[in-house]
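Encoded as structure tokens, the structure appears first; notes follow it.
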Amino acid sequence: MSEGPSPNASDFIREMIRADVASKKHDGAVVTRFPPEPNGYLHIGHAKSICLNFGAAEENGGRCHLRFDDTNPSTEDIEYVESIQRDVRWLGFDWGEHLYYASDYYERLYMLGEKLIELGRAYVCDLTEDEFANDYRGTITEHGKDSPYRARSKDENLDLFRRMRAGEFADGAKVLRARIDMTSPNMKMRDPPLYRIKHAHHYRTGDAWCLYPLYDFAHCLSDSFEGITHSLCTMEFESARELYDWVVAATEVPHVPRQTEFARLNLSYTVMSKRKLLKLVKDGVVAGWDDPRMPTISGMRRRGYTPEAIRAFCKRIGVAKNLSTVDLALLEHTVRDDLNERAPRVLAVLRPLKVVVESWRDGEVDVLDAPYWPHDVPKEGTRPLPFTRELFIDRDDFAEEPPKGFKRLAPGREVRLRHAYVVRCTQVIKDAQGEIVELRCTHDASSRGGAPADGRKIDGTIQWVSATHATPLEVRLYDRLFTTESPGEGDRDFMEDLNPAALTSVSALGEASLANARHGEHYQLERTGFFVVDPDTTEGRIVLNRTVALKDAWARAQASSAGASPKVDAAARPKAQKTPAQAPRVVEELAPRARAWVDTHAIAEDDARTLAAHEALARVFDEALAASADARAVAGLLVNEILGELRSRDTDAPPFGGAEVAELVVLAGDGTLSRSQVKDVLGHMFAGEGAPRAIVEARGLRQIASEDALAPVVDRVLADNADAVARLRGGNANVLGALVGMVMKATGGKANAKVVRELVQARVAG
RNA sequence: UCCGGAGUGGUCCAACGGCAAGGAUGCGCGGCUUUGAACCGCGACGGUGGAGGUUCGAGUCCUUCCUCCGGAACCA
């Protein structure tokens with residue numbers, strides 16, 4: 001199987017982890033976890049997460065835990081625990097000793113609940129769910145207000161919490177809430193519930209508890225208990241991160257894990273939510289979680305997908321934060337790519353049409369030795385393939401009136417029977433209804449093996465089976481479960497988009513060797529598709545599942561020329577309007593402080609607005625003005641350079657003040673420093689190396705602006721890059737930038753880029 | 001509407017502020033072929049959501065607008 005484009009997968013998460021390892025964060029340890037809730041079967045979306053968590057850990061010498069996030073007794077079941085373990089293992093990942101259950105932490109978590117109460121960071125609230133939602137939580141745009149129970153004493157809270165555990169209250173009568181901030185813009189922070197009462201039987205803890213922690217409390221603490229360093233989850237948990245951090249800090253647990261979110265996988269023509277998958281199972285639309293039409297791991301396994309193919313797919317799709325829907329065709333390609341080198345080739349006929357080779361003596365059997373593998377798969381092995389007078393070929397491989405370009409069998413025409421003989425159709429026999437029921441052929445005795453002795457070229461090759469040696473097969477042809485790219489798009493019920501033809505079962509005939517097919521084996525039925533032997537197979541009844549069809553250029557061409565159902569070419573679709581309306585720029589009134597800056601210092605309004613919006617920058621700006629610097633230049637530097645730097649360092653205020661910025665502006669203004677040196681110095685200032693002048697002196701920074709000094713460097717670079725110069729002369733203006741960049745690099749950023757640019761232009765023109 | 005996130009060929013993912021925005025898939029064409037597969041080659045398809053700004057130079061930094069997604073479960 002060919003490797004993906006990037007053998008060493010890299011994405012923003014792996015980069016972050018590598019950086020953490022390099023900086024010895026957590027002593028360079030990498031511990032991740034895959035935390036499913038045992039309330040459903042794993043699907044291809046989980047596979048993405050599994051590959052990321054186990055993969056990133058392994059690549060960095062770390063480990064990945066399998067943890068069941070089982071904090072909701074009413075939906076969870078041991079069946080799911082077992083299927084999940086089976087699926088993760090099947091995918092090829094190993095958690096070693098590190099199998100955990102949130103339910104094993106119940107006691108520990110409970111104690112932290114008490115601790116939170118003692119620290120005054122949580123309280124027992126008697127509001128019903130509706131009361132809280134309607135009267136206290138507020139809305140997305142309005143603040144909430146404090147629960148009347150928020151001010152309960154520690155003792156009362158503790159007493160109540162213990163009695164909650166003891167089972168004194170009914171479900172929903174009370175919850176334990178975090179005491180955070182009912183006015184937070186993040187709804188998750190408005191005193192979220194941490195514990196709820198649920199008199200329910202838990203599949204692992206039985207009836208030991210009637211008090212169960214909620215995700216936001218249990219998950220982050222479980223991560224902390226296990227020493228998880230990188231807690232990777234999907235984007236919908238993004239606004240929960242603030243609460244995650246709060247709980248970890250508030251409970252004062254020693255280990256602090258870090259949550260990072262990535263986009264979940266969506267696949268075209270499939271649904272992925274557990275709710276929808278469960279409905280398909282419950283409604284009997286599919287035969288179960290492992291139905292080959294399901295995007296579950298177990299369904300794909302039964303369909304014949306391999307772990308290697310799924311892992312290769314996960315590698316190809318990458319990891320990012322974009323909302324994305326991967327084309328199912330990519331998954332299918334990856335599966336074919338994997339199976340191509342894994343599945344031996346055999347012959348089978350799905351829609352049998354009888355063929356009598358009249359020139360073949362009745363009763364004679366020629367056992368051919370047929371290779372299992374095509375010439376480009378480096379594997380060896382053959383099987384005996386009996387050839388007899390009566391055969392079957394596929395109905396699609398014969399046409400009474402062949403269309404243009406048809407390379408298969410037709411009256412009077414020749415075709416090669418794969419691995420066997422070239423035959424010519426001499427007669428077409430029909431029944432009373434005019435239906436073709438049989439073909440009469442003659443064979444070319446010189447063509448045993450497929451090549452006629454006279455060397456004439458035979459265009460078509462088709463599959464066939466001996467009528468007297470055929471193995472009956474039940475072949476299940478699977479197709480995509482939905483007919484539309486986005487099932488249930490808009491207001492439509494996704495069930496309306498179900499593809500009734502997602503499963504077609506046919507009685508087919510396979511070659512003799514297929515009689516020995518064993519459960520789990522992969523085969524390619526030549527010219528048809530990849531198949532796997534289904535577990536329903538019994539002695540004498542071989543069941544084959546179509547994993548994926550082969551690409552079929554002929555069928556595609558026929559379909560599009562027929563125009564009957566022209567496959568909608570994605571490229572032909574009108575481009576989605578990305579910016580529908582050209583909205584006029586609405587300029588808001590400047591804040592008074594910003595207005596004053598604009599009026600008295602003539603700085604740009606946009607800059608003034610930006611500065612006014614960032615307290616730390618505003619302060620630095622005022623300080624710089626006090627140092628009587630060029631206001632416009634200071635504002636520009638703060639807004640365009642320093643602000644971006646602050647963001648990328650994830651800090652609010654720079655480790656230097658206005659005086660230093662003013663000093664830097666002077667150094668830039670008087671020509672001491674080149675522009676790139678200014679950025680360089682800024683970097684050192686952020687690193688806490690002191691004032692600009694000191695940095696400049698210590699490092700001997702001085703820009704080179706004279707043409708005389710720069711000319712030799714420019715000439716050298718131009719001489720070393722004659723090809724680039726040629727391209728520039730050829731009219732590619734972008735190369736100019738690259739050459740300037742090379743000169744800048746050659747001078748260690750000391751050169752004045754403007755002068756360099758002019759020099760390069762002059763040299764190239766001259 | 002409030003908070004958060006994201007916008008790069010049809011799709012998915014890349015691109016220390018620097019050479020013609022790269023790869024995969026899909027699509028088309030051709031070669032090869034005892035699978036109309038695979039393999040090989042070629043091609044079309046984007047100027048990076050819009051508008052400003054900073055810079056010698058912007059997909060990348062700043063501003064603003066637009067669009068999409070997530071968040072108001074005693075679910076995870």
Side-chain angles (χ1 to χ4, degrees), chain A residues 4-6 11 37 39 69 71-72 75 129 132-133 137-142 171-172 175 184-188 190 193 195-198 214-215 219 235-240 261 263 268 316-327 329-330 333 336 340 345 374-377 407 416 418-419 449-451 458 460-463 524 526-528 550-555 557 569-573 578-587 604 606-607 609-610 636 639-641 643-645 675 721 724 727-728 732 734-742 744 752-758:
Chain A
S6 53
D11 50 69
E37 185 192 11
N39 67 348
D69 241 345
T71 54
N72 187 355
T75 57
E129 191 176 356
F132 186 78
R137 189 173 47 209
T139 67
I140 235 159
T141 50
E142 294 160 31
D171 288 6
V175 292
S184 172
N186 181 353
M187 301 286 297
K188 278 270 176 203
R190 319 242 263 230
Y195 267 97
R196 83 289 215 184
I197 299 170
K198 239 181 165 120
L214 282 140
Y215 169 86
H219 189 86
M235 296 298 290
E236 68 268 26
F237 292 99
E238 194 149 19
S239 38
E261 311 84 19
S268 60
R316 283 186 192 225
I317 59 174
V319 179
K321 298 180 88 147
N322 282 346
L323 173 78
S324 61
T325 303
V326 176
D327 194 341
L330 181 59
H333 166 82
R336 284 190 200 102
N340 184 42
R345 274 57 167 178
H375 59 88
D376 56 346
V377 172
K407 301 202 296 195
R416 171 164 42 234
R418 176 72 159 159
H419 300 306
I458 305 296
T461 301
I462 63 175
Q463 72 273 25
Q524 184 195 100
E526 293 208 38
R527 304 208 313 132
T528 302
L550 252 32
K551 287 180 71 174
D552 188 346
W554 169 251
D569 186 358
R573 276 188 313 221
K578 282 177 175 168
T579 305
Q582 189 74 289
R585 183 169 174 184
V586 181
V587 181
D606 272 348
D607 287 352
R609 198 190 319 276
T610 308
V639 169
N640 292 309
E641 306 292 347
L643 183 53
E645 198 61 30
R675 187 74 201 181
N721 295 281
R727 262 172 284 152
L728 180 53
N732 180 3
N734 291 342
V735 184
L736 179 59
L739 289 169
V740 172
M742 288 182 225
M744 294 304 292
N752 178 302
K754 201 167 184 173
V755 175
V756 170
R757 189 184 191 85
E758 282 159 7

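A note on names: the letters A, B, ... follow the listed sequences, proteins ahead of strands, and every chain is numbered from 1. Everything quoted here is computed from the prediction, not taken from an experiment.
- When the options A:Lys407, A:Arg527, A:Arg418, A:Arg416 are evaluated for a side-chain contact (heavy atoms from CB on, under 4.5 Å) with A:Ile462, the one that passes is A:Arg527.
- Rounded to a whole angstrom, the distance from the C1' atom of B:G41 to that of B:G50 is 40 Å.
- For A:Asp376 and B:U35, the CG to P distance is 9 Å, given to the nearest whole Å.
- In B:G46 the O4'-C1'-N dihedral to the base is more than 90° from 0, which defines an anti nucleotide.
- Backbone-only engagement by A:Lys321 is indicated by non-hydrogen atom pairs under 4.0 Å involving sugar-phosphate atoms exclusively.
- Across all strands, A:Gly172 comes closer than 4.0 Å to base atoms (heavy-atom distances).
- Among the protein residues, A:His219 comes within range of no part of the nucleic acid, since none of its heavy atoms lies under 4.0 Å from any strand.
- Secondary structure note: stems in RNA chain B built from 3 or more consecutive Watson-Crick or G-U wobble pairs under 3.5 Å occupy B:2-7 with B:66-71, B:10-13 with B:22-25, B:27-31 with B:39-43, B:49-53 with B:61-65.
- Comparing the P positions of B:G18 and B:G57 gives an interatomic distance of 14 Å, to the nearest angstrom.
- Heavy atoms of A:Glu645 sit nowhere under 4.0 angstrom from any nucleic acid atom.
- With hydrogens and angles left out, the side chain of A:Arg316 and the base of B:C12 share no donor-acceptor pair within 3.5 Å.
- Within the 4.0 angstrom heavy-atom criterion, base atoms lie near A:Gly741.
- You'll find that the side chain of A:Met187 is closest to B:A72, out of B:A72, B:C13, B:C74.
- For the pair A:Arg527 and B:G36, the criterion of a side-chain N or O lying under 4.0 Å from OP1 or OP2 is met.
- When rounded to the nearest whole Å, the span between CD of A:Glu641 and C1' of B:A58 equals 12 Å.
- Between B:A44 and B:U25, the two C1' atoms lie 15 Å apart (nearest whole Å).
- Between the OG1 atom in A:Thr528 and the CG atom in A:Asp552 there is a gap of 9.5 Å [rounded to 0.5 Å].
- Taking every side-chain heavy atom of A:Asn322 into account, B:A6 is the closest of B:A6, B:A37, B:G18.
- Closest to the side chain of A:Arg196, out of B:C75, B:C13, B:C12, is B:C75.
- Taking both residues in full, the closest heavy atoms of A:Met187 and A:Thr139 are given as SD-O, 3.5 Å, listed atom of the first, atom of the second, then distance.
- Nearest approach of A:Tyr215 to A:Asp69, heavy atoms of both residues: CE1-OD2, 4.0 Å.
- Taking all atoms of both residues into account, the shortest heavy-atom contact from A:Leu739 to A:Ala724 is CD2-CB, 4.1 Å.
- In this structure, A:Asn72 and A:Asn39 have side chains that are not in contact, with every pair of non-hydrogen atoms separated by 4.5 Å or more.
- Residue contacts for A:Thr75: at a heavy-atom cut-off of 4.0 Å it reaches no nucleic acid atom on any strand shown.
- With B:G18, B:C27, B:C2 as the candidates, the nucleotide lying closest to the side chain of A:Lys551 is B:C27.
- In this structure, of B:U35, B:C62, B:C19, it is B:C62 that holds the atom nearest to the side chain of A:Val639.
- A:Val740 comes within 4.0 angstrom of a nucleotide base, judged by non-hydrogen atoms across all strands.
- If you check every strand for non-hydrogen atoms under 4.0 Å, A:Phe237 touches a base.
- Residues A:Glu526 and A:Thr461 bring no donor and acceptor atom of their side chains to less than 3.5 Å of each other.
- For the pair A:Asp552 CG and B:C27 P, the computed distance is 12 Å after rounding to whole Å.
- In this structure, A:Val756 reaches neither bases nor backbone, as no heavy-atom distance under 4.0 Å exists between it and the strands shown.
- Nearest-nucleotide positions on RNA chain B for A:Glu526 and A:Glu236 put A:Glu526 closer to the 5' end.
- Checked by distance alone, A:Gln463 brings no side-chain donor or acceptor within 3.5 Å of a matching partner on the base of B:U35.
- Between A:Lys321 and A:Glu238 there is a side-chain heavy-atom pair separated by less than 4.5 Å.
- Residue contacts shown for A:Pro374 include a base, since a base heavy atom lies under 4.0 Å away.
- For A:Asn734, taking side-chain heavy atoms from C-beta onward, the closest of the listed nucleotides B:C62, B:A20, B:A72 is B:A20.
- Centre separation under 5.5 Å together with a plane angle under 30° does not hold for the ring of A:Tyr215 and the six-membered base ring of B:A76, so they are not marked as stacked.
- Among the atoms of the strands shown, none is found under 4.0 Å from any heavy atom of A:Arg190.
- The listed nucleotides are B:C62, B:A37, B:A76; the one nearest the side chain of A:Ala553 is B:A37.
- Across all strands, A:Ser268 comes closer than 4.0 Å to no nucleic acid atom at all (heavy-atom distances).
- As rounded to the nearest Å, B:G4 and B:U64 have P atoms that lie 13 Å from one another.
- Between B:C56 and B:U1, the distance separating the two C1' atoms is 44 Å to the nearest Å.
- Listed here is the closest heavy atom pair of A:Val377 and A:Asn340: CG2-O, 3.7 Å.
- Going from atom CG of A:Leu550 over to atom P of B:C39 covers 11 Å, rounded to whole Å.
- As rounded to whole Å, 11 Å separates atom P of B:G71 from atom CD of A:Glu238.
- Taking side-chain N and O atoms only, A:Thr71 has a distance below 4.0 Å to OP1 or OP2 of B:A76.
- Here the C1' atom of nucleotide B:C39 and the NE2 atom of A:His375 are 8 Å apart, to the nearest Å.
- In this structure, of B:C74, B:C56, B:G70, it is B:C74 that holds the atom nearest to the side chain of A:Val175.
- A 4.5 Å side-chain heavy-atom check between A:Val175 and A:Glu129 finds every atom pair outside the cut-off.
- Comparing B:U54, B:G26, B:G57 against the side chain of A:Arg757 picks out B:G57 as the nearest.
- Distance A:Asp327 CG to B:G26 P: 9 Å, rounded to the nearest Å.
- RNA chain B is contacted by both A:Ala753 and A:Ser324; A:Ser324 maps to the nucleotide lying nearer its 5′ end (nearest heavy atom per residue).
- On the P atoms, B:C65 is 23 Å away from B:G59, given to the nearest whole Å.
- When all heavy atoms of A:Arg190 and A:Phe132 are compared, the closest pair comes out as O-CZ, 3.8 Å.
- Checked by distance alone, A:Arg675 brings no side-chain donor or acceptor within 3.5 Å of a matching partner on the base of B:U55.
- The interatomic distance linking A:Leu330 (CG) with B:C12 (P) rounds to 11 Å, in whole Å.
- With B:C3, B:C12, B:C62 as the choices, the nucleotide that has an atom nearest any side-chain atom of A:Thr610 turns out to be B:C62.
- Residue A:Ala451 is in base contact, counting any heavy-atom pair closer than 4.0 Å across all strands shown.
- Across all strands, A:Leu643 comes closer than 4.0 Å only to sugar-phosphate atoms, never to a base (heavy-atom distances).
- With hydrogens and angles left out, the side chain of A:Asn640 and the base of B:G53 share a donor-acceptor pair within 3.5 Å.
- Rounding to the nearest 0.5 Å places CZ of A:Arg196 at 10.0 Å from CG of A:Asp171.
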